[in-house]
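One-based numbering along the sequence shown. Because the structure is a prediction, the values reported are computed rather than measured. Note that these values count all heavy atoms, side chains included, but never hydrogens, waters or copies made by symmetry.
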Amino acid sequence: MNFHVLTLFPDMIQNGVNTSITGRAMNNGLISLNTVNIRDYAGNKYGQVDDYPYGGGAGMVMQPGPVYRSYESVVERIGYKPRVIYLTPQGKVFNQSMAEEFAKEEDLVFLCGHYEGIDERVLEMIVTDHVSIGDYVLTGGELPSMVMIDAISRLVPGVLNNNVSAEFETFNDNLLEYPQYTRPEEFMGEKVPPILLSGNHPKVDQWRREQSILRTMERRPDLMEEANLTKEDMKFIKTLDK
């Protein structure tokens, strides 16, 4: 899995991704990170990549030329036109199913905007996906790109020490993850649920599934409409109405 990030702040991306689990994955050759400094393709000795917007208005807009040339450097490097994700609050909100879809790609390009945005012409030329990480505005696309790289990397085989964990966590079947417990068995008077100490694995699995449903209904009821529920799940939900 190869990530390419077009950015004005490559050090920010490198320092963020080259740590923890993603850093280990890079060291093990499971993912790679190529940061491209858009200023290197400014075409002027000042490294200027922005200008005033046509029609007036506040702020500055990133010029199309430097962005396009930085994109072309990636195309030349890998030999084909890859999927390009533009991080913008106007895009579709990123979720787990999108992470799974993006994880199937061999190369992904993230385009990080700044100022008041990027000239629309180059966006129409190179961008395949407009993606947001939430309904709020950030100073640039670097943090969203790192969020997405982290989420996608976890789905690459071998990145997680325990690959099974990715199959049973939050948003599996569009449900939130069940509550987790560890030692000590009792903490400040609060005890671990007895079922988890029973050794009865089918019952534990059933309890965890039911807790996932309860937690989703309580915290994210909007997810229930598209949750992948079994007949047993439906029977459990019906008991809650009594």
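Taking CG of Leu155 as the start and CD of Glu101 as the end, the distance is 12.0 Å to the nearest 0.5 Å. Between the CE atom in Met224 and the CG atom in Asn174 there is a gap of 9.5 Å [rounded to 0.5 Å]. Between the OG1 atom in Thr239 and the CG atom in Asp241 there is a gap of 8.0 Å [rounded to 0.5 Å]. Taking CD1 of Ile38 as the reference point, atom CG of Asp50 lies at 11.5 Å (rounded to 0.5 Å). Atom CE of Met217 is separated from atom CG of Asp222 by 12.5 Å, given to the nearest 0.5 angstrom. A distance of 9.0 Å separates OG1 in Thr216 from CG in Leu229, rounded to the nearest 0.5 Å.
For the pair Leu108 and Met1, the minimum side-chain heavy-atom distance is below 4.5 Å. Ile133 places a side-chain heavy atom less than 4.5 Å from the side chain of Leu138. Counting only heavy atoms from C-beta outward, the side chains of Ile21 and Ser153 never approach each other to under 4.5 Å. Within the 4.5 Å cutoff, no side-chain heavy atoms of Asp40 are placed close to those of Pro66. For the pair Pro179/Arg215, a side-chain contact is recorded, criterion being any heavy-atom separation below 4.5 Å from C-beta on. Between Leu123 and Thr88 there is no side-chain heavy-atom pair separated by less than 4.5 Å. Using a 4.5 Å cut-off on side-chain heavy atoms (C-beta onward), Phe110 and Ile13 make no contact. Counting heavy atoms from C-beta outward, His114 and Met60 have side chains that stay 4.5 Å or more apart.
Between Met12 and Met146 the shortest heavy-atom distance is O-SD, 3.7 Å. Heavy-atom minimum distance, Gln63 versus Gln48: OE1-O, 3.6 Å. A pairwise comparison of heavy atoms in Gln211 and Tyr178 identifies CB-CB, 4.0 Å as the closest pair. Across all non-hydrogen atoms, the minimal contact from Ser198 to Val204 is OG-CG2, 4.3 Å. Pro53 and Ala58 get closest at one heavy-atom pair: CG-O, 4.5 Å. Between Ile31 and Val159, the shortest heavy-atom distance links the atoms CG2-CG2, 4.4 Å.
In this structure, the side chain of Asn18 does not engage the main chain of Gln14 through any donor-acceptor pair within 3.5 Å. Within the 3.5 Å criterion, the main-chain N or O of Val84 finds a donor-acceptor partner in the side chain of Thr128. Side chain of His130 to main chain of Lys92: no donor-acceptor pair is present (N/O by atom type, distance under 3.5 Å, no hydrogens or angles). Side-chain atoms of Asp119 come within 3.5 Å of backbone atoms of Arg121 as a donor-acceptor pair (strictly under, hydrogens ignored). Not one N or O on the side chain of Asn27 forms a donor-acceptor pair closer than 3.5 Å with the backbone of Arg24. With hydrogens and angles disregarded, a donor-acceptor distance shorter than 3.5 Å links the side chain of Arg39 to the backbone of Gly47.
Salt bridge absent: Glu72 and Arg69 never bring a charged side-chain N and a carboxylate O closer than 4.0 Å. Ion pairing between a basic and an acidic side chain is recognised when a charged N comes within 4.0 Å of a carboxylate O; Arg77 and Asp107 show no such pairing.
Among Asp129, Val127, Leu87, Val36, the one residue that satisfies the side chain to side chain contact (heavy atoms under 4.5 Å, CB included) test with Leu111 is Val127. Shown are Arg209, Arg208, Lys203; of these, the side chain to side chain contact (heavy atoms under 4.5 Å, CB included) with Gln206 is made only by Lys203.
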Report the C-alpha distance between Thr230 and Asp233 in whole Å, list the side-chain angles of each, state the deciding distance to 0.1 Å, and finish with yes or no for side-chain contact (heavy atoms from CB on, under 4.5 Å). CA-CA 5 Å; Thr230 65; Asp233 295 336; 3.1 Å; yes
Go through the steps to decide whether Val67 and Ile126 satisfy the test side-chain contact (heavy atoms from CB on, under 4.5 Å), and finish with yes or no. CA-CA 9 Å; Val67 173; Ile126 69 174; 4.1 Å; yes
Start with the C-alpha distance between Ile85 and Phe94, add both sets of side-chain angles, then the distance that settles side-chain contact (heavy atoms from CB on, under 4.5 Å), and finish with yes or no. CA-CA 11 Å; Ile85 301 168; Phe94 184 61; over 6 Å; no
Give the C-alpha distance, both sets of side-chain angles, the deciding distance and a yes or no for side-chain contact (heavy atoms from CB on, under 4.5 Å) between Leu240 and Leu214. CA-CA 9 Å; Leu240 301 177; Leu214 288 170; 3.7 Å; yes
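More than 12 heavy atoms of other residues, nucleotides or ligands sit less than 6.0 Å from atom CD of Glu186. The environment of Tyr52 atom OH is sparse: at most 12 non-hydrogen atoms of other residues, nucleotides or ligands sit within 6.0 angstrom. Within 6.0 Å of the CG atom in Asn44, the count of heavy atoms belonging to other residues, nucleotides or ligands exceeds 12. For OH of Tyr46, the number of neighbouring non-hydrogen atoms (other residues, nucleotides, ligands) closer than 6.0 Å is 12 at most. Residue-environment remark: OH (Tyr54) stays at or below the threshold of 12 foreign heavy atoms within 6.0 Å.
A donor-acceptor contact closer than 3.5 angstrom is absent between the side chains of Asp150 and Thr22.
The same ILVMFWY cluster, assembled from side-chain heavy atoms under 4.5 Å apart, contains both Met125 and Met62. One hydrophobic cluster, built from ILVMFWY side chains closer than 4.5 Å, holds both Met148 and Val156. Connection of Ile78 to Ile149 is established within a shared hydrophobic cluster, with ILVMFWY side chains joined at heavy-atom distances below 4.5 Å, either directly or through further cluster members. The cluster map of Ile, Leu, Val, Met, Phe, Trp and Tyr, joined by side-chain heavy atoms under 4.5 Å apart, puts Val93 and Leu176 in different clusters. By the rule that hydrophobic residues join a cluster once side-chain heavy atoms approach within less than 4.5 Å of another member, Val137 and Tyr86 end up as members of separate clusters.
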